[in-house]
Amino acid sequence: MPNDIGHSASSKRREDVRFLTGVGNYTDDIDLHRQSHVVFLRSQVAHGRLKAVETTAAAAMPGVLRIFTGADFEGVGGIPTGWQITSRDGEVMQEPGHPVLAQGKVRFVGDMIAAVVAETEDQARDAAEAIELDIEELPAVIDMKAALAEGSPKVHDDLTGNLCYDWGFVEDNRDAVDAAIKAADHVTTLELVNNRLVANPMEPRVAIGDFAPGTGDSTLYTTSQNPHLIRLLMGAFVLGIPEHKLRVVAPDVGGGFGTKIFHYAEEAFCTFAAKALKRPVKWTSTRSEAFISDAHGRDHVTKIELALSKEGDFLAVRTDTHANMGAYLSTFAPAVPTWLHGILMAGNYKTPLIYVNVKAVFTNTVPVDAYRGAGRPEATFQLERVIDKAAREMGFDPIELRRRNFIHDFPYATPVAVEYDTGDYDATLDKLLEISDHAGFEARRDASAKKGLLRGLGINCYIEACGIAPSNLVGQLGARAGLYESATVRVNATGGLVVMTGSHSHGQGHETAFPQVIAKMIGIDENMIEIVHGDTANAPMGMGTYGSRSLAVGGSAMVRATEKIIAKAKKIAAHLLEASDADIELKDGQFSIVGTDKSVAWGEVTLAAYVPHNYPLDDIEPGLEETAFYDPTNFTYPAGAYSCEVEVDPDTGRVTIERFAAADDFGNVINPMIVEGQVHGGIGQGIGQALLEGAVYDDNGQLLTGSYMDYAMPRADDLPFFQVDHSCQTPCTHNPLGVKGCGEAGAIGSPPAVVNAVVDALQRAGLDVTHIDMPLSPARVWSAMNS
Amino acid sequence: MYSFEIERPATIAEAVAALKGEDAQALGGGQTLIPTLKQRLAMPGVLVSLAGIDAINGISRNGAGEFCIGGGSTHAAVAGGAGAYPALAALAGGIGDPAVRNRGTIGGSLANNDPSACYPAAALGSGATIVTNAREIAADDFFQGMFTTALDEGEIITEVRFAVPEVANYQKFEQPASRFALVGVFVAKYASGVRVAVTGASEEGVFRWAEAEAALSADFSAAALDGLTMSAAGMIGDLHGTAEYRAHLVAVMTRRAVQAAG
Amino acid sequence: MTDVTLTVNGTQVTAQVEGRTLLVDLLREDARLTGTHVGCDTSQCGACVVHVNGEAVKSCTMFAVEADGAEVTTIEGMANADGSLSTLQQAFQDHHGLQCGFCTPGMVMSAAALLKENPKPSAQEIRDYLEGNICRCTGYHNIVKSILAASGQDAGAIAAE
């Protein structure tokens with residue numbers, strides 16, 4: 001059992017105290033002096049031509065300070081996208097403009113037409129309702145395949161059609177894959193939908209713009225996973241504010257799950273309007289507004305084919321996916337169905353030939369971008385579902401079919417451009433069978449049958465690419481940013497440390513886990529170390545927290561900076577001990593001369609750095625502060641195996657999750673308690689996707705699931721306790737901590753387990769059901785059983 | 001929300017008078033009304049809160065043995081106070097969530113007559129009497145279609161009287177998101193016959209399933225329902241379930257209610 | 001505008017409010033107690049749960065005027081008198097029952113109401129009681145464990161069953 005302090009220990013989270021006593025500092029808790037409020041008038045039609053926006057009467061209403069429309073932003077940049085994809089034919093993707101407020105057309109229900117700034121939010125809302133709109137409604141483009149059909153209405157008139165890009169990967173493999181599939185003993189085909197989701201962090205988005213006329217400095221407080229990235233995108237591409245005149249603060253953030261990565265127009269608006277009005281401007285999203293303005297996730301329609309030999313060897317995989325971009329390209333949207341999806345299509349298996357084709361499509365819906373897992377759940381779901389289907393078609397045990405095709409030799413170069421550094425897929429699968437009590441399934445199935453319920457078992461594996469990502473690689477792949485991380489470690493005179501990191505914690509517990517790493521390196525109490533994040537005025541630069549990258553990349557930067565600190569501190573210690581710094585070792589907070597009992601304490605060295613009376617001033621500067629940037633040399637590859645047992649009520653189609661187990665290999669683990677919590681949360685969201693959640697538009701582009709009345713969020717009674725294990729550890733070989741990342745695994749690994757389990761339950765009951773699209777609502781399951 | 005005033009009368013008479021004001025509307029627990037107001041789907045000038053009227057609070061038995069539940073009684077109060085009518089107490093204890101049950105009232109729920117609400121099934125299934133400041137209305141006459149009741153403008157539900165059946169049970173199949181009834185069936189067996197009331201399913205709101213009542217009045221057993229199906233005509237169809245699915249669930253939930261009632 | 005006076009965490013608070021002012025707005029803006037959160041507008045997420053006269057209610061679905069004269073307890077009033085975490089709060093920290101912290105105030109307030117009614121709830125009773133409190137981070141696993149532990153039960157053993 002781990003103890004509860006230090007490295008590999010479940011230190012209790014220090015941030016919990018403020019959250020548990022109600023004194024956290026979320027963005028909506030901030031109220032600035034003379035603050036005004038903005039309410040956005042959003043389009044209620046999915047597609048229309050804006051003929052007139054009449055604001056005169058509204059502007060005269062009580063408390064209104066100013067009403068902004070698209071015309072106010074004509075000289076202002078648009079919301080940029082951070083990734084450029086190149087199509088199979090060598091053309092770069094079509095990239096439409098994205099104005100802060102709509103100009104000429106509205107393109108989805110929720111598109112912002114006007115912004116009313118008033119003394120109070122109620123006044124702004126009252127006035128927004130008084131704006132008179134003349135919109136010529138146009139036919140909405142909702143279905144992706146229809147959007148690509150000849151003669152379809154266009155979301156963007158200035159583009160050649162609704163196709164954003166047509167990506168082939170690896171294009172050079174295409175003919176070989178086609179040939180292998182044609183020649184194979186068996187080909188299993190599955191058509192499926194990866195359902196559109198709404199991330200729904202419990203804290204709705206908030207933005208507060210502020211402007212200091214005296215200095216000309218702008219400040220944005222925002223609910224962001226990466227304030228530095230917002231500063232870069234908004235400053236450089238939208239508003240033309242250099243970084244040194246723009247500060248972005250993301251204080252306590254109430255969950256992100258991807259949807260708070262992106263730079264949103266509301267942020268740019270509040271920053272812009274604060275300067276225009278010389279007053280702070282605050283926007284607080286309602287939940288209803290969040291449903292039509294937060295970027296959605298997933299929304300892929302896929303056909304996958306798996307070719308096998310009659311012995312069960314995987315020979316080739318070919319996929320054809322349509323990926324919804326929504327009406328505009330959100331920050332990372334183009335990368336999600338391509339690089340974050342295609343490079344995972346090998347899964348845990350040595351399939352030699354893979355070809356992935358993705359057509360990204362514009363529709364009159366909310367923009368779609370990364371949501372927990374981002375591309376990797378889509379890859380895992382289709383692969384693990386088609387393997388299950390193949391096993392049933394060919395009469396193989398689904399576990400043994402997977403084992404037969406596992407990769408065993410590492411490093412392993414996949415046919416989809418990545419090199420897995422390390423892993424042990426048999427180990428996690430063995431561990432899964434143990435912790436899930438696989439052997440007891442039949443007895444539990446009998447017990448369910450006695451209650452008239454159909455029990456099924458679903459198992460799958462997963463792999464993900466995390467620790468995003470080597471900058472030179474992603475640059476070649478079209479990224480418009482580097483994906484390093486930075487950290488500044490400041491040691492104070494009395495020995496305490498402040499770490500300013502570009503990673504951002506919005507639930508992940510960095511304030512607790514990061515100090516554990518440094519405490520071990522130096523040998524001091526972790527409570528002497530404080531983590532500062534979420535403010536561009538502190539950390540030098542940051543790419544933020546997503547893609548399970550914080551510890552692997554941000555933590556590595558922190559380690560590098562701390563190594564520099566230790567190197568300098570050793571020089572100081574050597575001076576104090578009148579020795580050579582090569583002879584100094586640091587252990588348990590004491591610098592000593594190797595092989596002697598002469599030592600000096602950490603606190604004496606740090607004091608000397610700031611009170612340099614006895615100090616090697618000729619050789620080194622006073623002070624003890626170092627910065628490091630860390631750029632990973634590869635992705636990390638967490639992997640594992642998941643299992644789910646369900647009961648299906650044959651009378652109603654209702655599915656209940658009876659057991660759920662996860663065996664993950666995250667490499668080294670710093671704080672097991674936090675790691676387990678991350679997995680729990682991911683599983684909760686994965687089960688949510690599989691059973692409950694789905695954003696649904698009608699043909700007119702109205703979101704039918706626009707609140708918790710119709711969008712089913714997982715609740716406590718929808719979920720069981722989970723059995724999770726991370727004791728299989730093959731440390732990452734290329735970062736200093738040997739960590740792989742754990743934030744997304746649960747959401748990636750769990751949906752196929754659930755669907756495999758339900759299909760298993762129905763097939764064991766003699767029903768010819770090979771697939772049901774998520775969410776597996778009672779109505780859908782019943783319908784599948786009775787069709 | 002649009003702007004409005006709130007009045008807090010202490011007596012039924014004061015409330016009735018206040019409700020005569022222009023654009024006045026009664027406020028029960030507000031658990032449905034307040035979300036509606038937030039969406040700006042209603043624009044009252046005055047909300048008349050009924051929470052301060054002691055006369056419409058409380059649960060008692062009358063001389064006829066009926067449960068008399070004050071219109072202002074919260075779901076939590078009924079869940080805890082209607083122990084002698086366990087099916088009713090269980091139904092009340094399954095509405096919404098604990099915090100909602102501490103505010104939402106029986107009068108508010110019945111007056112709203114949401115097609116997916118639970119209480120209309122209990123009232124219709126029990127042949128309850130809805131007592132207002134002006135009159136007594138039989139449940140059979142009270143529910144007049146989705147969100148429509150026999151209440152006149154400004155009329156307040158002061159009490160709901162339930163005759164206690166020999167056995168009864170309510171089975172709710174929840175809509176996965178809202179947790180309202182996708183289909184809810186209340187079955188009550190009285191000496192005079194069996195009543196079966198269905199909520200959540202019909203475009204007309206709560207209704208009685210006459211064929212099931214006849215079959216169960218003759219033989220109160222699940223077997224009596226064999227072969228009985230509900231037509232999908234007039235059932236609600238939406239993203240949570242087709243009309244056919246709801247019709248199917250009506251039969252399933254009715255059977256389960258009979259089995260559970262014992 | 002109407003004057004309302006209520007007692008919040010033992011302190012009298014008077015505020016001028018409109019009819020449409022919600023209790024949560026009074027708490028966050030007038031009393032500047034920002035621990036109570038708003039996570040939805042359909043009365044479902046439960047981030048806003050407080051106790052009014054000892055009962056859990058959703059403060060986003062109650063008008064401030066209706067709380068006139070009431071005793072209100074919020075998350076800021078849940079710690080021990082010396083400022084240390086209460087047994088329930090401590091159990092949430094010990095069992096990692098929170099991540100981003102946004103739903104946490106409502107979770108703690110609902111859990112406190114549950115334990116008052118039912119001092120030794122089963123895991124299933126806890127899950128049922130939390131129907132009106134949505135958490136997006138934890139999958140509820142550690143929330144349920146925290147409440148089991150706060151009620152003096154062996155949370156680890158129950159979760160492993």
Side-chain angles (χ1 to χ4, degrees), chain A residues 10 12-13 15-26 28-29 31 122 199-204 252-257 284 286-289 505-509 673-674 676-685 687 707-709 713-724 746, chain C residues 18 20 28-29 32-42 44-45 47 74-79 83 85-86 89-90 92-105 108 123-124 126-145 158-161:
Chain A
S10 293
K12 290 175 195 169
R13 297 200 331 165
E15 48 270 73
D16 288 358
V17 176
R18 67 176 186 271
F19 298 142
L20 281 163
T21 53
V23 293
N25 184 38
Y26 298 90
D28 194 41
D29 300 340
D31 278 333
D122 280 331
N200 275 306
M202 292 319 297
E203 177 201 32
D252 287 331
V253 172
F257 314 114
T284 302
T286 64
R287 179 61 60 188
S288 297
E289 196 173 12
S505 183
H506 31 278
Q508 296 87 343
M673 176 191 81
I674 289 176
E676 289 182 6
Q678 290 292 307
V679 176
H680 295 157
I683 293 171
Q685 291 181 2
I687 291 174
S707 80
Y708 293 152
M709 295 296 282
M713 290 284 280
R715 307 207 195 190
D717 59 1
D718 289 317
L719 302 173
F721 284 118
F722 314 121
Q723 311 308 322
V724 302
Chain C
E18 291 186 72
R20 60 182 167 177
R28 288 181 57 83
E29 287 161 28
R32 289 302 298 165
L33 294 169
T34 55
T36 302
H37 296 151
V38 178
C40 78
D41 42 19
T42 50
Q44 279 166 315
C45 82
T74 70
I75 187 68
E76 288 91 343
M78 293 299 282
L85 297 181
S86 67
Q89 290 168 318
Q90 189 61 56
F92 269 76
Q93 187 189 29
D94 291 348
H95 294 273
H96 192 25
L98 63 152
Q99 291 183 25
C100 83
F102 195 81
C103 78
T104 306
V108 170
Q124 190 58 49
I126 294 169
R127 291 181 187 278
D128 290 344
Y129 198 89
L130 295 180
E131 181 172 355
N133 291 83
I134 301 177
C135 170
R136 192 57 153 168
C137 293
T138 64
Y140 303 97
H141 181 105
N142 283 339
I143 292 175
V144 178
K145 275 180 76 176
I158 294 170
E161 273 170 12

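Sequence lines set the chain letters: A, B, ... in the order given, protein chains first and strands last, and positions in each chain run from 1.
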Report yes or no: does C/Y140 contribute a side-chain atom to a donor-acceptor pair with the main-chain N or O of A/D718 at less than 3.5 Å?
no
Which of C/G101, C/G39, C/A123 touches chain A most, by non-hydrogen pairs under 4.5 Å
C/G39
Counting only heavy atoms closer than 4.5 Å, note whether A/Q723 contacts chain C via side chain, backbone, both or neither.
side chain
Closest-packed option against chain A by number of heavy-atom pairs under 4.5 Å, given C/H37, C/Q90, C/E29
C/H37
Apply side-chain contact (heavy atoms from CB on, under 4.5 Å) to the pair C/M78 and A/T21, showing each step before the final yes or no.
CA-CA 7 Å; C/M78 293 299 282; A/T21 53; over 6 Å; no
Side chain, backbone, both or neither: which part of A/E676 has an atom under 4.5 Å from a heavy atom of chain C?
neither
Specify the closest pair of heavy atoms between A/Y26 and C/F102, including all atoms of both residues, with the distance to one decimal.
OH-N, 3.3 Å
Testing A/N25, A/D29, A/D28 one by one against C/T34 for a side-chain contact (heavy atoms from CB on, under 4.5 Å), which residue passes?
A/D29
With chain C as the partner, which of A/G22, A/G677, A/A716, A/P201 has the greatest number of non-hydrogen pairs under 4.5 Å?
A/A716
A cation-pi test, strictly: NZ or CZ of C/R127 under 6.0 Å from the centre of the six-membered ring of A/F721 and no more than 45 degrees from its axis. Yes or no?
yes
Side chain, backbone, both or neither: which part of C/A159 has a non-hydrogen atom closer than 4.5 Å to chain A?
both
How close do A/L20 and C/Q89 get, counting heavy atoms only, and between which atoms?
O-NE2, 2.7 Å
Options C/R136, C/Q93, C/Q99, ranked by heavy-atom pairs under 4.5 Å with chain A, top entry:
C/R136
Heavy-atom cut-off 4.5 Å, strictly under: side chain, backbone, both or neither for A/M202 against chain C?
both
Does any heavy atom of chain C fall under 4.5 Å from the side chain of A/V253, the backbone, both, or neither of them?
backbone
Can you tell me which portion of C/I158 sits under 4.5 Å from chain A's heavy atoms? Options are side chain, backbone, both or neither.
both
Which portion of C/L85 sits near chain A, non-hydrogen atoms under 4.5 angstrom
side chain
Under 4.5 Å from any heavy atom of chain C, what part of A/I674 do you find: side chain, backbone, both or neither?
both
Rounded to the nearest 0.5 Å, how far does CG of A/D16 lie from NE2 of C/H96?
7.5 Å
Under 4.5 Å from any heavy atom of chain C - which part of A/I683
neither
Whatever's closer than 4.5 Å to a heavy atom in chain C on A/Y708 counts as both
I need the residue from C/I75, C/L98, C/D94, C/N142 with the largest number of non-hydrogen atom pairs under 4.5 Å to chain A.
C/L98
Any non-hydrogen side-chain atom of C/C137 less than 4.5 Å from a side-chain atom of A/F257?
yes
C/E18 versus chain A, the contacting section by heavy-atom distance below 4.5 Å
side chain
Top residue by heavy-atom pair count (under 4.5 Å) with chain A, among C/G139, C/A160, C/C135?
C/G139
Once the angle between the rings of C/H141 and A/H680 is folded into 0 to 90°, is it parallel (under 30°), tilted (30 to 60°) or perpendicular (over 60°)?
parallel
Taking side chain to side chain contact (heavy atoms under 4.5 Å, CB included) as the definition, give me every residue that meets it alongside C/D41, ordered by chain and number, with sequence neighbours left out.
A/T286, A/R287, A/S288, B/K38
Sequence neighbours excluded, the answer for side chain to side chain donor-acceptor pair (under 3.5 Å) partners of C/R32 is A/D31
Which one wins on heavy-atom pair count under 4.5 Å against chain C: A/S707, A/P714, A/G684?
A/P714
What residue in A/M673, A/E15, A/Q508 has the most heavy-atom pairs under 4.5 Å with chain C?
A/M673
Would you name the heavy atoms of C/C100 and A/G254 that are closest together and state the gap between them?
SG-C, 3.3 Å
Can you tell which part of C/T104 gets under 4.5 Å to a heavy atom of chain A, answering side chain, backbone, both or neither?
side chain
Measure C/N133 against the heavy atoms of chain A and call it side chain, backbone, both or neither at under 4.5 Å.
neither
Quick check on the interface: out of C/T74, C/L33, C/T138, who has the most heavy-atom pairs with chain A under 4.5 Å?
C/T138
